Participant: 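First the structure, then my questions, so here it is.
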Amino acid sequence: MRELWGALVILTVCPLLGALPLISWITYALKKRRLAQIGTRNVSVSAAFYHGGRLAGLLAVLSEALKGIAAVYIARAFFPEGSFWELLSLIALVLGRYFMGRGAGTTNVVWGIITHDPLVAVFVMLLAMISFTLLQSRNLVKYGVLFVFPIFIVLLHAEDFPKIITAVALAGLLWWIYQRIPDDLDLSSQELDSQSQPIFEYLRGSNTILTLDDELDQAQVGQKAATLSQIKRWGYQVPKGWVLVPGNDPERLLQFLQPSELSPLVVRSSAIGEDSEQASAAGQYVTVLNVTNYQQLQQAITEVRESYNNPSAVQYRRDRGLPDTAMSVLIQQQIQSAYSGVAFSRDPITQQGDAVIIEALPGSPTQVVSGKVTPEQYRAFVVESDNLSSVKLEGTGRVPQALIKQVAYLARRLEKRYLGVPQDIEWSYDGQTLWLLQARPITTLLPIWTRKIAAEVIPGAVHPLTWSINRPLTCGVWGDIFTLVLGDRATGLDFAQTATLHYSRAYFNASLLGDIFLRMGLPPESLEFLTRGAKISQPPLQSTLKNLPGLLKLLKQELNLEKDFKKDYQNVFIPGLSQLANASLEEQGIEELLAGIDINLELIRQATYYSILAPLSAAIRQGIFRVKDEQIDNSVTPEVAALRSLRTLAVDAKEVLPECEPEQVFDKLAQTPEGEKIVYEFNELLEDYGYLSDVGTNIAVPTWKEDPQPIKQLFVQLIQLSEPEKAELEARKAIPPKRKRGTVQRRVDIKGRVTEVYSRLLAELRWRFVALEKILVKSGLLREVDDIFFLQLDEVRRLVADADNQLQANLTQLIKFRRSQFHQDSLIEQVPFVVYGNIPPHPAEAAEVYSDQILQGIPASHGQAEGRIKVVRNLQNLPYIDKDTILVVPYTDSGWAPLLVRAGGLIAEAGGRLSHGAIVAREYGIPAVMDVKGATWILQDGQRVRIDGSRGIVELSNDLRPE
């Protein structure tokens with residue numbers, strides 16, 4: 001029994017001991033530096049010396065030595081001294097150190113072995129010192145020690161077979177870990193912060209060559225090189241590559257590389273900011289192919305570096321708001337391509353997630369992205385279920401279908417690797433291997449917006465006034481919560497972008513929330529867990545410990561939620577609601593109404609905190625204590641309480657009401673004393689719950705008090721229920737649901753009270769805007785009922801403060817436009833659950849064409865534009881171009897970018913939707929149609945056309961002649 005307990009203690013305590021981030025705590029306490037976020041991100045002794053200094057390093061050695069010694073003594077507490085259990089305790093310690101503590105555990109093992117068997121330790125260290133003196137190779141000695149350690153165990157303990165097996169396992173484990181984590185002493189693989197950079201440059205000098213096998217930092221080598229190094233380390237086929245960082249002398253690398261006709265090189269850009277989630281910079285910088293000798297390599301490096309300052313590249317960075325930084329150069333082995341192309345893991349036009357879009361041709365990939373040739377088009381529908389995948393392919397051509405399917409799998413796997421962010425990949429096939437040449441986010445499909453949660457919190461179409469009030473409050477409270485947990489790690493997060501409207505519906509920013517949850521050490525699906533109780537993977541212990549101070553602060557707020565709300569309920573919300581409810585709105589003027597609105601908004605701001613935290617608290621507690629929904633009593637929630645009261649009243653009315661038509665119910669009830677009592681109770685219920693509406697979070701929707709017809713119709717429908725349904729209602733009335741009084745139920749009750757306060761405040765706010773609108777309509781500043789709800793809050797204030805004729809005219813046109821847009825959006829029955837990017841495609845059926853003269857091409861950048869044709873066949877003598885210009889070109893590449901930013905639309909004779917020109921057009925938000933045969937000859941300057949980039953259509957009519 002003692003041995004069993006010992007085994008359990010070793011297998012549980014030792015991993016936790018290994019995971020304890022003492023080194024991290026020591027370094028942060030002394031230098032305020034977080035090892036998990038700088039350098040190699042290893043939490044190790046050498047990292048502590050490097051980033052924390054001598055004192056931090058010495059304390060780190062001491063802490064890790066004590067861990068190794070402690071693990072051995074834990075084993076000795078249950079087993080004889082010197083047994084194999086001591087080595088097993090070190091294995092458990094190292095596992096915890098690696099998987100939860102981000103370190104190899106070398107110091108733990110060294111001191112553990114010294115404690116376990118001093119004789120073996122002495123022999124191994126002597127051999128290591130002699131070997132290093134002779135061989136001068138740290139890596140050879142490091143791995144050699146792992147090889148000889150079990151040999152010494154065999155020599156000194158040949159009779160102890162379990163110890164020999166355990167020693168081999170310990171050495172093998174360390175060998176395996178060394179292959180998987182960066183070496184802290186290899187400065188070429190460090191991801192350095194600004195404080196470490198000078199010493200890094202000094203130590204590195206010109207002797208270290210960075211390769212794609214290293215763990216590279218995008219801030220140093222650019223996103224392209226860093227991404228390829230990451231993908232290569234994941235195990236994908238990426239050609240060998242070397243990186244010249246800005247300012248590096250290429251001389252040593254030039255001597256190291258030996259390009260030839262049989263082994264050509266390609267020299268590519270890897271600019272800081274290129275291929276990022278903010279901008280693709282597709283085709284903006286130079287790529288030099290077929291470099292076959294020393295002189296060509298020198299010239300190619302110079303050309304690539306100089307391309308950073310090309311006018312088109314400079315203009316592109318300015319247009320995208322990118323800083324001017326520096327250019328790294330990526331040199332790779334050139335693949336002799338049999339087939340090549342590009343692929344988007346998601347259709348950039350339709351955004352359909354089941355289709356991978358592939359463009360391919362025999363030969364080099366540059367012809368596909370150049371826009372000068374129209375490639376073969378393929379759509380691959382990837383279906384995955386139960387670990388099985390299948391691909392349905394649309395499109396035929398010279399490229400083998402088996403290869404296209406393989407590319408589709410590759411694109412889909414990379415999208416999953418990058419947490420669902422759509423990927424743009426460039427690939428090449430040499431007849432044997434499918435090579436990955438480039439991968440970057442599809443910038444026009446970012447950020448990713450989701451209706452999850454938003455569909456429940458703010459359902460239906462949302463009016464501009466409602467959104468202008470709701471969005472900053474919601475985003476602000478979420479930002480406060482996340483900042484509380486993240487602390488300094490919240491720097492750079494724009495919480496104002498937490499939510500937006502598409503199709504007049506609310507969407508949450510899944511990209512931002514995913515980034516936040518990753519910084520918190522939580523999986524990206526955590527939002528789903530917090531609100532719906534969905535299962536998520538368990539976060540690593542290290543991330544939990546890292547966020548422990550912030551989580552404790554949030555936990556404190558959660559524990560104090562009931563006390564804080566009751567205090568604010570008595571001292572803030574009840575007095576505030578009483579003040580608002582007792583005011584006679586009909587007698588108030590504009591200034592009084594605006595003052596009341598300001599008071600109301602301040603109360604709503606305070607209530608928003610509870611309206612977010614209370615549901616989260618209830619959901620988390622329900623998930624922790626595994627309380628089923630049917631065990632929860634939601635009767636405190638006003639909507640539930642009102643419906644239950646209405647059902648009870650309907651049962652009573654059924655008993656006294658004679659048979660009659662639905663529209664006669666209230667008249668018939670009023671004819672008897674019992675019926676009069678029911679009508680009186682109904683009116684009382686309407687008075688009590690008159691602040692509710694069909695959509696409680698949208699102040700543009702009339703409340704029950706203003707429009708009681710829907711609740712009257714519901715009451716009549718409940719009266720007319722069939723007998724079985726009536727019996728069910730009576731059963732509910734006779735046997736009330738069992739209340740589960742406890743920690744979960746108390747939170748649900750608080751949630752209900754919060755909902756009541758929030759709903760009352762929103763109703764009072766609506767009534768004030770309605771009263772204000774009546775005054776503005778009467779004075780002529782607004783024209784129609786509900787006009788005020790199509791203005792934003794700041795626009796309402798401007799209209800009241802300075803109502804000059806021009807402002808009034810502008811706002812009148814704005815209201816008209818927003819009404820029309822809102823009406824169109826309201827007709828959309830099913831909006832997309834997920835929207836990619838800030839310009840979503842319209843889900844409604846495309847309108848019929850207005851002309852019988854149509855040119856068909858490839859849809860390349862969605863949107864519609866109408867304007868006058870300007871044919872441009874080259875970049876010499878460029879004409880004047882503005883947003884009324886539809887540019888017609890033979891093809892597009894990066895050189896056309898300065899024209900695209902000024903044009904209203906683009907038509908190209910050649911190219912596909914994945915060409916550089918199409919990508920740039922999407923980034924600028926310009927509708928584009930590619931592969932319109934003969935466009936530069938068919939279309940004439942001054943001719944007015946309409947293009948639809950979503951359908952690939954160019955429309956013109958006989959009466960639209962050139963000027």
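Atoms considered below: every heavy atom in the structure, side chains included; atoms not considered: hydrogens, waters and symmetry mates. On a predicted model such as this, the values are computed, not experimentally measured, just so you know.
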Participant: Cation-pi between R489 and F482: NZ/CZ under 6.0 Å from ring centre and within 45° of the ring axis?
Facilitator: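 No - R489 does not lie over the ring of F482 by the 6.0 Å and 45° rule.
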Participant: Quick one: closest heavy-atom pair of N293 and Q295, and the distance?
Facilitator: OD1-N, 3.2 Å
Participant: Could you tell me which non-hydrogen atom of V286 sits nearest to which non-hydrogen atom of V304, and how far apart they are?
Facilitator: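 So the minimum-distance heavy-atom pair works out to O-CG2, 3.6 Å.
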Participant: Does L887 form a side chain to side chain contact (heavy atoms under 4.5 Å, CB included) with V889? I'd like the steps, not just the answer.
Facilitator: CA-CA 6 Å; L887 198 63; V889 299; 3.9 Å; yes
Participant: Step by step, would you call D213 with K232 a salt bridge (charged side-chain N to carboxylate O under 4.0 Å, His left out)?
Facilitator: CA-CA 7 Å; D213 294 315; K232 197 171 193 294; 2.8 Å; yes
Participant: Quick one: does L59's side chain get under 4.5 Å of L30's, heavy atoms only?
Facilitator: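 Side-chain contact under 4.5 Å: yes.
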Participant: Are a donor atom and an acceptor atom from the side chains of Y285 and S270 found within less than 3.5 Å of each other?
Facilitator: no
Participant: Considering non-hydrogen atoms only, spot the tightest contact between Y236 and R413 and give its length.
Facilitator: OH-CB, 3.8 Å
Participant: For residues A439 and T227, report the shortest heavy-atom separation together with the two atoms involved.
Facilitator: O-CG2, 3.6 Å
Participant: Under the salt bridge (charged side-chain N to carboxylate O under 4.0 Å, His left out) rule, collect the residues that match up with K416, sequence neighbours excluded.
Facilitator: E384
Participant: Judged by modelled atom types alone, do E303 and S307 share a side-chain donor-acceptor pair under 3.5 Å?
Facilitator: no
Participant: Between E426 and R440, does a salt bridge (charged side-chain N to carboxylate O under 4.0 Å, His left out) hold up when you go through it step by step?
Facilitator: CA-CA 9 Å; E426 188 176 319; R440 61 187 174 202; over 6 Å; no
Participant: Please lay out, stage by stage, how I335 and T433 fare under the test side chain to side chain contact (heavy atoms under 4.5 Å, CB included).
Facilitator: CA-CA 10 Å; I335 303 302; T433 302; over 6 Å; no
Participant: Taking the six-membered ring for Trp, are Y339 and W435 closer than 6.0 Å centroid to centroid?
Facilitator: no
Participant: Stepwise, does the side chain to side chain contact (heavy atoms under 4.5 Å, CB included) test hold for V291 with V266?
Facilitator: CA-CA 6 Å; V291 176; V266 55; over 6 Å; no
Participant: Stepwise, does the ring-ring contact (aromatic ring centres under 6.0 Å, His included) test hold for W427 with Y409?
Facilitator: CA-CA 12 Å; W427 56 272; Y409 281 127; over 10 Å; no
Participant: In this structure, are over 12 heavy atoms from other groups packed under 6.0 Å from D494 atom CG?
Facilitator: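 Count over threshold, so yes.
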Participant: Any non-hydrogen side-chain atom of I516 less than 4.5 Å from a side-chain atom of L512?
Facilitator: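 Answer yes - side chains close enough.
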Participant: Any donor-acceptor pair under 3.5 Å linking the side-chain atoms of E415 with those of S345?
Facilitator: yes
Participant: State whether a side-chain donor-acceptor pair under 3.5 Å links R417 with Q230.
Facilitator: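 No pair is found: no donor N or O on one side chain lies under 3.5 Å from an acceptor on the other.
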Participant: I331 and L244: which non-hydrogen atoms are nearest, and at how many Å?
Facilitator: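 Minimum heavy-atom contact is CD1-CD1, 4.4 Å.
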Participant: Taking C-beta and beyond as the side chain, do R97 and E64 meet within less than 4.5 Å on heavy atoms?
Facilitator: yes
Participant: For Q258, does the CD atom sit with more than 12 other heavy atoms under 6.0 Å from it, leaving out its own atoms?
Facilitator: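 Counting neighbours around CD of Q258, 12 or fewer heavy atoms of other residues, nucleotides or ligands fall under 6.0 Å, so no.
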Participant: Search all heavy atoms of M327 against all heavy atoms of R305 and return the closest pair with its distance.
Facilitator: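 Minimum heavy-atom separation between M327 and R305: CG-CA, 4.1 Å.
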Participant: Side chain to side chain contact (heavy atoms under 4.5 Å, CB included), that's the test. Do L228 and Q332 meet it? Break it down for me.
Facilitator: CA-CA 11 Å; L228 287 176; Q332 288 183 275; 4.0 Å; yes
Participant: For the ring pair W176 and Y98, is the centre-to-centre distance below 6.0 Å?
Facilitator: yes
Participant: Would you mind reporting whether Q334 and L289 have side-chain heavy atoms less than 4.5 Å apart?
Facilitator: yes
Participant: Is the number of heavy atoms from other residues, nucleotides or ligands under 6.0 Å of E251 CD greater than 12?
Facilitator: yes
Participant: Test side-chain hydrogen bond (donor to acceptor under 3.5 Å, both in side chains) on S428 and S340; report intermediate values, then the result.
Facilitator: CA-CA 4 Å; S428 186; S340 54; 4.8 Å; no
